[in-house]
Amino acid sequence: MSVYPFEKIEQKWQRYWDENKTFRTSDEPDRARPKFYVLDMFPYPSGAGLHVGHPEGYTATDIVVRYKRMKGFNVLHPMGWDAFGLPAENYALETGTHPGVTTARNIGRFRVQLKSLGFSYDWDREVATTDPDYYRWTQWIFLKLYERGLAYQAEVPVNWCPALGTVLANEEVVDGKSERGGHPVVRKPMRQWMLRITEYAERLLKDLEGLDWPESIKEMQRNWIGRSEGAEVDFEVEGRPGEKIRVYTTRPDTLFGATYMVLAPEHPMVDALTAPAQRRAVQQYREQASRKSDLERTELQKVKTGVFTGGHAVNPVNRAKIPIWVADYVSISYGTGAIMAVPAHDQRDYEFARQFDIPIVEVVAGGDIRCAAYTGDGVLVNSGSEWVSINGLPVPDAKEKITKWLEAQGLGCRKVNYKLRDWLFSRQRYWGEPFPIIFVEGQPKPLSANALPLVLPEVESFKPSGTGESPLATIESWVSTTDPETGKPARRETNTMPQWAGSCWYYLRFIDPKNDHAAVDPVKERYWMPVDLYVGGAEHAVLHLLYARFWHKVLYDAGVVSTPEPFRKLVNQGMILGEMEYTLYRDESGQPVTFADEELAGKIVREERISEDEVEKRGDVYFWKEQPEIRIEARSYKMSKSRGNVINPDEVVRRYGADSLRLYEMFMGPLEQVKPWSMKGVEGVHRFLNRVWRLFVDEAGGSLHSEVAGIDPSREQQRALHVAIKKVTEDIEAMRFNTAIAAMMEFLNEAQKWAPRPRQVLESFILLLAPFAPHLAEELWQRLGHPGSLALESWPAVNPEYLVEDIMEIPVQVNGKLRGRVRVPAEAAQASVLAAARADAAILPHLAGKTIRKEIYVPGRLVNLVVG
RNA sequence: GCCGGAGUGGCGGAAUGGCAGACGCACUGGACUCAAAAUCCAGCGCCUGUAACGGGCGUGAGGGUUCGACUCCCUCCUCCGGCACCA
């Protein structure tokens, strides 16, 4: 049961902050104060409303922001909406409701929910990616990309669903069928816009080094970019003088071990190389491959497939003739689309060679190629010819020598490759930013910047056009236009931009959200950038963060922004799982069974939720108390509607208040970690807030508690306070919110014993609590007699003088085992501490009859006596 | 398969070379109450002996470094996340 009127207090202060614009950040840069820009990943305003994962990161940043404000920083902390996207469009398809209507409704709900949690955003800076005043500048940035040759068109396969008459996003395709309806999906090439992110691959890779990001995220980006060093080598084609096949390899040292060559099925030279006898087989194979999606190609990896073309290539190092195969384990989009296959030293080539009985020649000693490919280091063997030899060299030297030789002979060259592909930047959808492009006589032409925004037109129906084009293609009056320069007839681009576009630069717009002359004012940009702290989910580890970095670098090159990287420090909050669940399994006859056995047997089992006290743990395993031989599955699951374990933050706020929700989410454990929800845990922190309330307010709830007095605090009281100040300050700086809260709980446990309670100490404590539970803190601050908000009060400073104790208790170990403790004055010297330890009653028996061989004293921490 | 991260009481977690289990939850006992809830007080890793009070074991497993290891090094196991024919 609650004693403190959190509902009244929270509404009161939310209204106060709103009306007084307490958290408004001035439009003009404030050079007198250091700036601090804290950004949350803005949400997609879904119809389901906020889930408990949102407030996790948002509370963390809010604590940092409120703390920094009190520390005297000029803080920027904005919020907005990533509002384009598929769900609204799909909803429009089902109900006929305009996505703009749905989006506005959802934004309204999200805003109310976020405000109800007391986050200190500057709401005057709110932006939505769907607002024409916003996407005008998204389109403008696209023009910058286009001008710089970074946007181009290409024919690219899409997921085409004939039954739905539309193109589907990858996540809408499940096992080759449409997610909605289960209709077959095929791959069909369509004209698309691409962004040349590959041009920035090297910089995107290199600039990761200087970022204060989690190592795992940097590593994921590095893997995604996938830089490799190697060589391109030209192979002549036998019987076709002058024609060459270029391959890419990271192992030029193994050239002498190349026993065949593989071309991707889509390789342009396949036809020319195919011998008449093989033509049928090759054609059939290529057709088959073209129908497979990338996923199928890789998922059927158990058995490698391929077909011999009948043609041969000539190995440039020894003039050996090797057969040319076509196989789909080689991809056209990486390297040159052709490889030299060295089965002895490449796992994939090894499998293929085994499959088709192709010779395997060892060229690096160290493995046993009869059993497996050897990819390790070693010394080169079998690697000489009358033209060149690398025998006897270790792998790195062999690479170097052969590459130099190839370059000198004009047969090849050093080459760096990336796994990163260009970014497919168009979608055949309505609810996205229109491209500021028209086609005049079939040629693309950018609109001029002052023609922006190109507003999304109203449309009769959100049904797909049926041709695979976006619904925009059906609005002839919009598509058909004239070139404003020449007056010639023109047609508009009907593709729209992907959802990533708007989120690629929103952090810049927050700096200057109302500017209608520029995306962002350069003076303000230089003041605020880079973002000092960016918090969001790890699901955006690669795509959003890589795309945003790419755009940022383009804008940097274009002189629009002043920093090469947008986000200085990045933190990922961990997912919040549902409550712990204990599951008992029963077979068809209702008999309880141990879940692991039944899973293996593949039998049908029925799940039954049971409560925690029906379960007992033995070792690492949980058992059912009723039948102790039956094992129970104990784990927590991702929250999902279907599992019915979703926690609604509104409900938590209603029952315990926003401060309790905030505090609980921070108290659960380290921010970055995955952790299960526990309603009991919410009650725990709620009790803590109640106790804080009762420290200040009497039973009747009206006035200040009579024990709160303007007296001088004792040394012990000062000490309790300053220990808390130190811990909370350090923990906020390091974003260890769970231990900061624990420190405040420890303080409260002490302070509850005090009567009377010195007001000065209590006031400092309220300031410590304020970033975590701002509503309660504001209310108590006011009741202590302060007019207005505490948001800009100074953060309490630690006085180290209060941290030292007069007497310290030093644990004493004998041979590393704790045997007692001695109490000595704080300033005691090593010799006297050791003497006290040796003389201690608890220690003496352990020293009896033994010699002290070594004495260790860690000042203020511990004594260890080594005896023998 | 490869790359990251993590394994600590009944549960969430704390301690990053120096007293393992802070803080919270759950649980047990007590106070208050006609009673219950709330609140307050006390206890709470496991085993073991006991009169006060000890002793042994213990941070996924095994080994190593050190006066001393949850913490550092090596090998292995399990779980989570990401990538997966990238030549």
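Just so it is clear, the values below take in all heavy atoms, side chains as well, and ignore hydrogens, waters and symmetry mates. Remember, it's a predicted structure, so these values are computed and weren't measured experimentally. Labels below follow one simple rule: chain letters A, B, ... track the order of the sequence lines, proteins then strands, and each chain is numbered from 1.
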Study note, to complete from the structure: By ring-ring contact (aromatic ring centres under 6.0 Å, His included), A:His540 pairs with (sequence neighbours left out) A:His544
Practice item. Not counting sequence neighbours, which residues clear side-chain hydrogen bond (donor to acceptor under 3.5 Å, both in side chains) with A:Arg823? List them please. Key: none
Exercise for review: Enumerate the residues from residues 740-752 of chain A whose closest heavy atom to RNA chain B is under 4.0 Å, giving them by residue number; use none for an empty result.
Suggested key: A:Ala742, A:Met745, A:Glu746, A:Asn749, A:Gln752
Review point. Excluding sequence neighbours, so at least two apart, what forms ring-ring contact (aromatic ring centres under 6.0 Å, His included) with A:Phe356?
Key: A:Trp325, A:Phe352
Point to revise | Listed partners of A:Phe688 passing ring-ring contact (aromatic ring centres under 6.0 Å, His included), at least two apart | key: none
Review point. With pairs taken as Watson-Crick or G-U wobble and both distances under 3.5 angstrom, which stems of at least three consecutive pairs involve RNA chain B?
Key: B:1-7 with B:77-83, B:10-12 with B:23-25, B:27-31 with B:39-43, B:45-48 with B:54-57, B:60-64 with B:72-76
Exercise for review: Sorted by first residue and then second, give each salt bridge (charged side-chain N to carboxylate O under 4.0 Å, His left out) pair with at least one member in residues 667-682 of chain A; sequence neighbours left out.
Suggested key: A:Glu56-A:Lys675
Check your understanding: Which nucleotides of nucleotides 42-58 of chain B have their base under 4.0 Å from a protein heavy atom (B), which only their sugar-phosphate (S), and which neither (-), written as one string 5' to 3'?
Key -> -------------SSS-
Check your understanding: For A:Trp224, what residues pass the ring-ring contact (aromatic ring centres under 6.0 Å, His included) criterion, not counting sequence neighbours?
Key -> none
Review point. Mind telling me whether B:G30 is syn or anti, cutoff 90° either side of 0?
Key: anti
Exercise for review: Could you walk me through whether A:Tyr334 and A:Ser228 pass side-chain hydrogen bond (donor to acceptor under 3.5 Å, both in side chains), step by step?
Suggested key: CA-CA 11 Å; A:Tyr334 185 77; A:Ser228 70; 3.1 Å; yes
Exercise for review: Treat primed atoms plus P, OP1 and OP2 as sugar-phosphate and everything else as base, then score nucleotides 9-14 of chain B 5' to 3': B for base contact with protein heavy atoms under 4.0 Å, S for sugar-phosphate contact only, - for none.
Suggested key: -SSBSS
Review point. Are A:Phe6 and A:His686 close enough that their ring centers fall under 6.0 Å?
Key: yes
Using atom names, set out every protein N or O paired with an N or O of nucleotides 27-31 of chain B below 3.5 Å, distance rounded to 0.1 Å.
none

Review point. Expressed as a whole number of Å, how far does the P atom of B:C79 sit from that of B:C27?
Key: 31 Å
Revision key, fill the gap. In 5'-to-3' order, the base (B), backbone-only (S) or no-contact (-) status of each nucleotide in nucleotides 61-78 of chain B, using a 4.0 angstrom heavy-atom cut-off, is ------BS----------
